[in-house]
> 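Let me give you the structure first, and then I'll get to my questions.
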Amino acid sequence: MISDAPVLQQTSDPAEGAAAPSRLSRYGRPLLGLLLPLALALGWEFVVWLGWSNGRLVPPPSRVLATIAELARSGELVRHIAATLWRVGLGFAFGVVAGTLLGAISGYWSLARRLLDPTVQALRAIPSLAWVPLFILWLGIFETSKIALIAVGVFFPVYLGVMGAILSVDRKVVEVGRTFRLSGFAMIRRILLPAVLPAYVVSLRVGLGLGWMFVVAAELIGASEGLGYLLLDGQQLGKPAQILAAIVIFAILGKLTDWLIELAAAPFLRWQDAFGRAKGA
């Protein structure tokens, strides 16, 4: 009588072997993005260590990390990060709400698009710093003007993303919805919303990136705390390590918040059979 145990053992081994590389790929892929910045940081540290540069204007990573640690020990770092996150969070929320509503109206209703879009496109061309004196005059130098400036930066990419996504929905898909006599709400929920969602997530990420850029301009408006203030303070006092420390923290926070949007949107985009998903990008 032949036992089946060896056969079962042999068939289970490939599955276990396939699961291990899958787990390794899942956890290793995000770490792959750290290779380039780590290589550049180590390279510059090595250049300064060899004496090929004095590192005065561009301090080595060890000096930048020491500055971050010193700011953390004094409690300043937490205070500056909290102030900047609060401003970016509120400005992002207001900008997203306004951009989504006006973008949806302009994309869905042609008359509204003819009325609103030319003005919005003209306002979009105004540089961020040009809004600063106007917001100071209207709203003062306190938090309201800073949050309004960030909201302006977030508004335009979200507005354009929503409007453009609605306008690019395949007409034949809409005609199918009309053939099945879907109501206006059902048409939006079952056809327009799934078609718009991928582009909407991209516009949110672009808007968030602009929000992080606009917060620097916002924190030049009489701010006494925040990462933008830390940048300005380092420039006025001649502390390049402090400037680079603020830039590094901006980069880390920007990437973390962008990753949070990706993570939150992932469950709603599982239906996509896209090239990037097929390749595991």
Side-chain angles (χ1 to χ4, degrees), residues 77-107 116-117 119-121 123-132 134-136 138-166 193 196-232 246-269:
L77 187 62
V78 174
R79 179 168 60 90
H80 291 309
I81 289 177
T84 297
L85 281 175
W86 171 254
R87 290 162 184 155
V88 172
L90 281 180
F92 180 72
F94 286 124
V96 165
V97 170
T100 302
L101 289 176
L102 288 181
I105 292 171
S106 296
L116 291 174
D117 194 57
T119 302
V120 173
Q121 298 300 334
L123 293 175
R124 187 168 66 94
I126 299 174
S128 60
L129 289 176
W131 294 100
V132 172
L134 189 62
F135 284 161
I136 291 176
W138 286 351
L139 306 172
I141 63 172
F142 300 108
E143 293 300 307
T144 307
S145 57
K146 298 175 179 60
I147 292 167
L149 183 60
I150 297 166
V152 166
V154 174
F155 167 80
F156 293 111
V158 175
Y159 167 85
L160 287 174
V162 173
M163 183 184 69
I166 292 175
L193 188 58
V196 166
L197 195 56
Y200 182 59
V201 173
V202 173
S203 68
L204 289 180
R205 295 175 65 185
V206 175
L208 180 63
L210 281 178
W212 281 110
M213 288 191 282
F214 269 60
V215 76
V216 178
E219 289 178 342
L220 298 178
I221 309 175
S224 59
E225 57 185 8
L227 295 174
Y229 167 78
L230 204 62
L231 280 171
L232 186 61
I247 290 173
V248 168
I249 296 167
F250 265 124
I252 293 172
L253 291 177
K255 176 54 187 171
L256 284 176
T257 51
D258 179 76
W259 175 73
L260 287 176
I261 289 180
E262 278 192 284
L263 199 64
F268 301 100
L269 298 176

> Residues two or more places apart in sequence or in another chain: which of them pass side-chain hydrogen bond (donor to acceptor under 3.5 Å, both in side chains) with T84?
E219
> Do the side chains of V120 and L102 get nearer than 4.5 Å, heavy atoms only?
no
> At their closest point, which heavy atom of S106 faces which heavy atom of Y159, and how far apart are they?
OG-OH, 3.3 Å
> Going by side-chain hydrogen bond (donor to acceptor under 3.5 Å, both in side chains), name the pairs with one or both residues in residues 205-214, residues two or more places apart or in two chains.
R205-D258, W212-T257
> Could you work out, with salt bridge (Lys or Arg N to Asp or Glu O under 4.0 Å) as the rule, every residue matching R79, not counting sequence neighbours?
E225
> Among all residues two or more places apart in sequence or in another chain, which pass the side-chain hydrogen bond (donor to acceptor under 3.5 Å, both in side chains) test with E143?
R87
> For residues 81-102, which residue pairs pass the ring pair (Phe, Tyr, Trp, His ring centres under 6.0 Å) check, not counting sequence neighbours?
none
> Please walk me through it: do L123 and W131 pass side-chain contact (heavy atoms from CB on, under 4.5 Å)?
CA-CA 10 Å; L123 293 175; W131 294 100; 4.1 Å; yes
> Suppose we screen for side chain to side chain contact (heavy atoms under 4.5 Å, CB included). Which residues come up paired with I166, at least two apart in sequence or across chains?
A104, V162, V196
> Between L256 and L260, does a side-chain contact (heavy atoms from CB on, under 4.5 Å) hold up when you go through it step by step?
CA-CA 6 Å; L256 284 176; L260 287 176; 5.7 Å; no
> For the CG atom of L227 and the CG atom of L77, what is their distance to the nearest 0.5 Å?
7.5 Å
> According to side chain to side chain contact (heavy atoms under 4.5 Å, CB included), who are the partners of L232, at least two apart in sequence or on a separate chain?
L220, Q235, Q236
> Provide the closest heavy-atom pair for S203 versus G161 in the form atom of the first, atom of the second, distance.
CB-CA, 3.8 Å
> Output the distance between atom CD (Q121) and atom CG (L116), rounded to the nearest 0.5 Å.
11.0 Å
> Enumerate the residue pairs fulfilling side-chain hydrogen bond (donor to acceptor under 3.5 Å, both in side chains) with a member in residues 88-103, sequence neighbours excluded, ordered by first and then second residue.
T100-Y200
> Between side-chain atoms of residues 145-158 and protein atoms elsewhere (two or more places apart, or another chain), which donor-acceptor pairs fall under 3.5 Å?
unit_1 : atom_1 : unit_2 : atom_2 : d
S145   : OG     : G140   : O      : 2.9
S145   : OG     : F142   : O      : 2.9
K146   : NZ     : I141   : O      : 2.7
K146   : NZ     : I221   : O      : 2.7

> Restricting to side chain to side chain contact (heavy atoms under 4.5 Å, CB included), what partner residues turn up for A130, sequence neighbours left out?
I126, P127
> Holding to side chain to side chain contact (heavy atoms under 4.5 Å, CB included), I want the full list of residues that pass it with W259, two or more places apart in sequence or in another chain.
L263
> Side chains of H80 and I249: does their closest heavy-atom pair fall under 4.5 Å?
no
